[in-house]
S.K.: 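Handing you a structure now.
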Amino acid sequence: QPQFVESGGGLVQPGGSLRLSCTAAGFTLDSHAVAWFRQVPEKEHEGVSCIGSRDGDTYYLDSVKGRFTISRDNAKNTVYLQMNSLKSEDTAIYYCAARTGLHGYYCPSYLRDSYEYDHWGQGTRVTVSS
């Protein structure tokens with residue numbers, strides 16, 4: 001069973017930066033689309049960003065465009081989410097997820113479709129507060 005591990009979360013002041021990392025054991029991330037989701041209490045997962053495999057295309061939630069950047073380091077089997085200019089509304093638990101199956105190379109049509117992903121990490125908490 002593949003294991004996904006997110007890291008890099010923490011407490012940061014508004015305007016600050018964090019870089020989240022997603023690594024996988026027993027699973028090759030570069031062959032799959034990988035996304036970052038976030039969740040706050042009593043709300044569903046919110047799709048934040050996705051990076052495709054074959055095409056390398058990237059997609060972002062409107063509210064994070066220009067502030068967040070998703071990238072891969074295939075040699076390290078890791079996907080990153082660089083988060084700059086953080087706001088209090090970015091506070092959440094952040095999860096990475098990988099898509100498999102026939103269309104697993106590509107990000108799904110809608111960033112919000114969490115059901116398209118088969119493997120999830122345990123999450124890393126991000127708190128933006130002064």
S.K.: On a heavy-atom basis, which atom in Leu18 and which in Gly8 lie closest, and how many Å separate them?
M.R.: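 In terms of heavy atoms, the two residues are closest at CD2-O, 3.7 Å.
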S.K.: Can you say whether the rings of Trp120 and His45 are parallel (under 30°), tilted (30 to 60°) or perpendicular (over 60°)?
M.R.: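 Judged by the thresholds at 30° and 60°, the geometry between Trp120 and His45 is tilted.
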S.K.: Using side-chain heavy atoms (C-beta onward) and a distance below 4.5 Å, is Val126 in contact with Met83?
M.R.: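 Yes. Closest side-chain heavy atoms under 4.5 Å.
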S.K.: Would you call Asp62 and Lys65 a salt bridge, using N to O less than 4.0 angstrom?
M.R.: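 Yes, charged N to carboxylate O under 4.0 Å.
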S.K.: Are Trp36 and Glu6 close enough, and set up right, to give a side-chain contact (heavy atoms from CB on, under 4.5 Å), and what steps lead you there?
M.R.: CA-CA 10 Å; Trp36 286 94; Glu6 301 96 336; 3.8 Å; yes
S.K.: Distance from Gln82 atom CD to Phe68 atom CZ, nearest 0.5 Å?
M.R.: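 Interatomic distance, Gln82 CD to Phe68 CZ, rounded to 0.5 Å: 9.5 Å.
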S.K.: Closest heavy-atom contact between Cys107 and Gly52?
M.R.: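 For Cys107 and Gly52, the tightest heavy-atom pair comes out as SG-N, 3.5 Å.
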S.K.: Given 3.5 Å as the limit, does a donor-acceptor pair link the side chain of Asn77 with the main chain of Phe27, or not?
M.R.: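 Side chain of Asn77 to backbone of Phe27, a donor-acceptor pair under 3.5 Å: yes, one is there.
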S.K.: Can you check whether Gly56's main-chain N or O pairs, donor with acceptor, with Arg72's side chain at less than 3.5 Å?
M.R.: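 No; zero donor-acceptor contacts below 3.5 Å.
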S.K.: Using every non-hydrogen atom in the two residues, find where Leu81 and Ser49 come nearest and quote the distance to one decimal.
M.R.: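 Closest approach of Leu81 to Ser49, heavy atoms only: CD1-CB, 4.2 Å.
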S.K.: Check whether Arg112 reaches the backbone of Gly47 with its side chain - one donor and one acceptor, N or O, closer than 3.5 Å.
M.R.: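 Such a contact is absent between Arg112 side chain and Gly47 backbone.
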S.K.: Is there a chain of hydrophobic side chains (I, L, V, M, F, W, Y, each step under 4.5 Å between heavy atoms) that links Tyr95 to Tyr59?
M.R.: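 No, Tyr95 and Tyr59 fall in different hydrophobic clusters.
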S.K.: Output the distance between atom OH (Tyr105) and atom CG (Asp57), rounded to the nearest 0.5 Å.
M.R.: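 Going from the OH atom of Tyr105 to the CG atom of Asp57 covers 15.5 Å.
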S.K.: Nearest 0.5 Å, what's the CD1-CG distance between Ile70 and Leu20?
M.R.: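 So the gap between those two atoms works out to 10.0 Å.
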S.K.: For Asp73 and Thr78, does a side-chain donor sit closer than 3.5 Å to a side-chain acceptor?
M.R.: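 There is no such pair between these side chains.
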S.K.: May I ask you to test the Val64-Arg38 pair for a side-chain heavy-atom distance under 4.5 Å?
M.R.: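 Of all side-chain heavy-atom pairs linking Arg38 with Val64, at least one is under 4.5 Å.
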S.K.: About how many Å separate CD1 of Ile51 and SG of Cys22, when rounded to the nearest 0.5 Å?
M.R.: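 Rounded to the nearest 0.5 Å, the SG-CD1 separation comes out at 11.5 Å.
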S.K.: Tyr60, Val79: one ILVMFWY side-chain cluster at the under-4.5 Å cut-off?
M.R.: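 Yes, because Tyr60 and Val79 connect within a single hydrophobic cluster, where side-chain heavy atoms sit under 4.5 Å apart.
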S.K.: Would you say Asp90's side chain and Lys87's backbone share a donor-acceptor pair under 3.5 angstrom?
M.R.: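 Checking the backbone N and O of Lys87 against the side chain of Asp90, a donor-acceptor pair under 3.5 Å is found.
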S.K.: Determine whether Asn84 and Ser17 make a side-chain contact, defined as any pair of heavy atoms from C-beta on separated by less than 4.5 Å.
M.R.: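 Heavy-atom side-chain distance check passes, below 4.5 Å.
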S.K.: Please round to the nearest 0.5 Å and tell me the distance separating atom NE2 of His32 and atom CG of Asp118.
M.R.: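 The CG atom of Asp118 is 9.0 Å from NE2 of His32, to the nearest 0.5 Å.
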S.K.: Yes or no on side-chain contact (heavy atoms from CB on, under 4.5 Å) for Cys50 and Leu111, after CA distance, side-chain angles and deciding distance?
M.R.: CA-CA 7 Å; Cys50 182; Leu111 196 56; 3.7 Å; yes
S.K.: Shared ILVMFWY cluster between Leu61 and Val128, side chains joined below 4.5 angstrom?
M.R.: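 Linked, Leu61 and Val128 end up in one cluster.
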S.K.: Under a 3.5 Å distance rule, please check whether Gln39 uses its side chain to pair with a backbone N or O of Glu44 as donor and acceptor.
M.R.: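 Here the side-chain-to-backbone pair does not exist.
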S.K.: Does any non-hydrogen side-chain atom of Leu11 lie less than 4.5 Å from one of Ser129?
M.R.: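 The answer is yes, as the side chains (C-beta and beyond) meet within the 4.5 Å cut-off.
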S.K.: So how far is it from Arg99 CZ to Tyr117 OH, rounded to the nearest 0.5 Å?
M.R.: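 With rounding to 0.5 Å, CZ (Arg99) is 6.5 Å from OH (Tyr117).
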S.K.: Given side chains that start at C-beta, do those of Val40 and Thr91 come closer than 4.5 Å, heavy atoms only?
M.R.: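 Of all side-chain heavy-atom pairs linking Thr91 with Val40, none is under 4.5 Å.
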S.K.: Centre-to-centre under 6.0 Å for Tyr94 and Phe37, is that the case here?
M.R.: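 No, too far apart.
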S.K.: Does the side chain of Phe4 come within less than 4.5 Å of Gln122's, by heavy atoms?
M.R.: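 A side-chain contact under 4.5 Å is absent here.
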S.K.: Report yes if the side chains of Val12 and Thr127 come closer than 4.5 Å at any heavy-atom pair, otherwise no.
M.R.: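 Of all side-chain heavy-atom pairs linking Thr127 with Val12, none is under 4.5 Å.
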S.K.: For Pro14 and Ser130, work out which heavy atoms get closest and say how close.
M.R.: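 Shortest heavy-atom separation between Pro14 and Ser130 comes out as CD-N, 3.7 Å.
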